[in-house]
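As structure tokens, the structure follows; a few thoughts come after it.
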Amino acid sequence: MYRGQDQQTVIQPVLFNLFIAAMVAIILASEWSFPAWHLSETLRIVQRPYRFITVVMLSVIWMVPLALALGLPRHRYLRGTIIIIFLTPFLLFCALQVQIAINGQSPQPRLEQAMQGDFGQPEYFPAGTRELFWKDYFTQGGFEQECIDRDWSCEEQIWQTHYRRWRLEGTASTSIRLPVFDFPTWQVRQNGTVLAHSTDPNTGLILVSLPAGQHDIELVWVPTPIEWIGRVVSIVSLLVFFGVLLVKLIKIKRSPPLSD
């Protein structure tokens, strides 16, 4: 008698749970989750926020056919066809993961091996970066070796996604490259004061000039105006979305039961 209502009762909670999972995954994949990564050891084990994009993708793959099935309760064959079409990418993804698990993965290469051949994409490097030079910088000891060569004491104190700090000390003035690419969002501070810096032309790393003495060098991620605009647009979009969703849920709750 109430087949349509029964179908709604089964599908709607599943859709809601998938939606919540997708929204949580989106937040964990964005910079909004940075504070949680600093507090949770479990999240730090995951290592890369963008891995949660896979959770979003899989949730959406399931949500679309379920939503269509909810909207087409009387068209059984059409509903089944739509579900199969949308679930095919999910099944292919699962098959790929099984294949990787069966074949196994190669052991983690050493740094010298990883730096050979193509490495990364051009958009990850500052403009003008010379690929071979920054590879040499890391394979030859990186920041630690550069401090030794200059007879400076370099202590890494904090290394976070949006904030880094070192304590540097030396008896003679020097210029030293910090082990971070010089993107425009990084602001350098020396003992709490903003420090003008330059970009090393060979490696694309942040280059700072320091006088003799002890210095607390900080890198602070300062969002660009475009990022702030994006945040405002995202927040407004979420508010509108949840407002529409709330109105829809209220209408569904107040609507009379469907019957055949």
Side-chain angles (χ1 to χ4, degrees), residues 24-53 108 110-111 114-115 119-121 123-126 129 133-200 202-228 230-231:
V24 170
I26 288 176
I27 293 174
L28 290 174
S30 70
E31 63 182 38
W32 292 352
S33 67
F34 284 173
W37 286 73
H38 303 323
L39 298 175
S40 172
E41 180 67 25
T42 302
L43 287 178
R44 287 197 292 272
I45 292 175
V46 176
Q47 295 181 342
R48 295 291 184 270
Y50 63 78
R51 292 177 178 174
F52 288 99
I53 295 298
Q108 187 71 18
R110 297 177 60 86
L111 179 60
M115 289 297 178
F119 187 83
Q121 300 298 323
E123 61 266 25
Y124 291 107
F125 308 127
T129 301
F133 286 95
W134 74 260
K135 286 185 178 181
D136 290 341
Y137 170 83
F138 286 102
T139 56
Q140 294 172 4
F143 183 61
E144 181 178 354
Q145 185 60 47
E146 188 154 307
C147 292
I148 294 174
D149 293 341
R150 286 159 174 73
D151 197 24
W152 271 61
S153 170
C154 302
E155 176 190 359
E156 179 184 295
Q157 296 184 327
I158 299 178
W159 184 278
Q160 298 176 343
T161 52
H162 65 297
Y163 177 79
R164 287 146 198 200
R165 187 175 71 201
W166 299 266
R167 175 159 292 175
L168 311 181
E169 185 174 1
T171 57
S173 60
T174 187
S175 293
I176 192 167
R177 293 172 292 186
L178 302 179
V180 179
F181 284 126
D182 188 15
F183 292 107
T185 45
W186 284 120
Q187 182 184 86
V188 182
R189 297 177 184 175
Q190 176 189 2
N191 300 325
T193 303
V194 176
L195 174 67
H197 68 280
S198 58
T199 305
D200 180 60
N202 290 327
T203 62
L205 301 176
I206 295 174
L207 180 65
V208 294
S209 298
L210 301 173
Q214 185 182 89
H215 308 278
D216 288 331
I217 300 299
E218 300 171 286
L219 282 186
V220 181
W221 186 271
V222 180
T224 63
I226 295 299
E227 286 186 77
W228 283 113
R231 290 179 181 181

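Residues: numbered from 1 along the sequence shown.
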Looking only at heavy atoms, the pair that brings P211 and S173 closest together is CA-CB, 3.8 Å

Inset, instruction - Please test L168 against Q214 for side chain to side chain contact (heavy atoms under 4.5 Å, CB included), starting from the C-alpha separation and ending with a verdict. - result: CA-CA 6 Å; L168 311 181; Q214 185 182 89; over 6 Å; no

field: Within 45° cone of W228 ring axis and under 6.0 Å: R231 NZ or CZ
entry: yes

- Any side-chain heavy atom of C154 within less than 4.5 Å of one from F143? yes

Here the pair of heavy atoms bringing A172 nearest to A212 is N-CB, 3.7 Å

d(E155 CD, W166 CH2) to nearest 0.5 Å is 12.5 Å

pair D136-T139: side-chain heavy atoms closer than 4.5 Å:
yes

Self-check item: CD/E144: more than 12 non-hydrogen atoms of other groups inside 6.0 Å
Solution: no

Applying side chain to side chain donor-acceptor pair (under 3.5 Å) to Q145 and not counting sequence neighbours gives D149

Heavy-atom nearest pair, L207 first then H197, reads O-CB, 3.4 Å

Can you check whether Y137's main-chain N or O pairs, donor with acceptor, with Q140's side chain at less than 3.5 Å? no

- Query: Between W152 and H215, what is the ring plane arrangement, given parallel below 30°, perpendicular above 60°, and tilted in between?
  - Reply: parallel

In this structure, CH2 of W186 is separated from NE2 of H162 (nearest 0.5 Å) by 8.5 Å

Between I206 and V188, the two heavy atoms sitting closest are CG2-CG2, 3.9 Å

- Task: Any chance you could lay out the side chain to side chain contact (heavy atoms under 4.5 Å, CB included) test for E146 and I176, step after step, and finish with the verdict?
- Result: CA-CA 7 Å; E146 188 154 307; I176 192 167; 3.6 Å; yes

| Do Q187 and V194 have side-chain heavy atoms sitting under 4.5 Å apart? | yes

- Item | Salt-bridge contact E218-R164 (side-chain N to carboxylate O under 4.0 Å) | no

I26 and F52, any side-chain heavy atoms less than 4.5 Å apart: no

*Are R167 and E169 side-chain neighbours, meaning at least one heavy-atom pair lies under 4.5 Å?*
no

Any non-hydrogen side-chain atom of L205 less than 4.5 Å from a side-chain atom of T199?
no

When you compare the side chain of L178 with that of L219, does any pair of heavy atoms fall below 4.5 Å? yes

For this session: Decide yes or no for T185 and V222: does some side-chain heavy atom of the first lie under 4.5 Å from some side-chain heavy atom of the second?
Result: no

Rounding to 0.5 Å, atoms CG (D200) and CG (D182) come to a distance of 10.0 Å

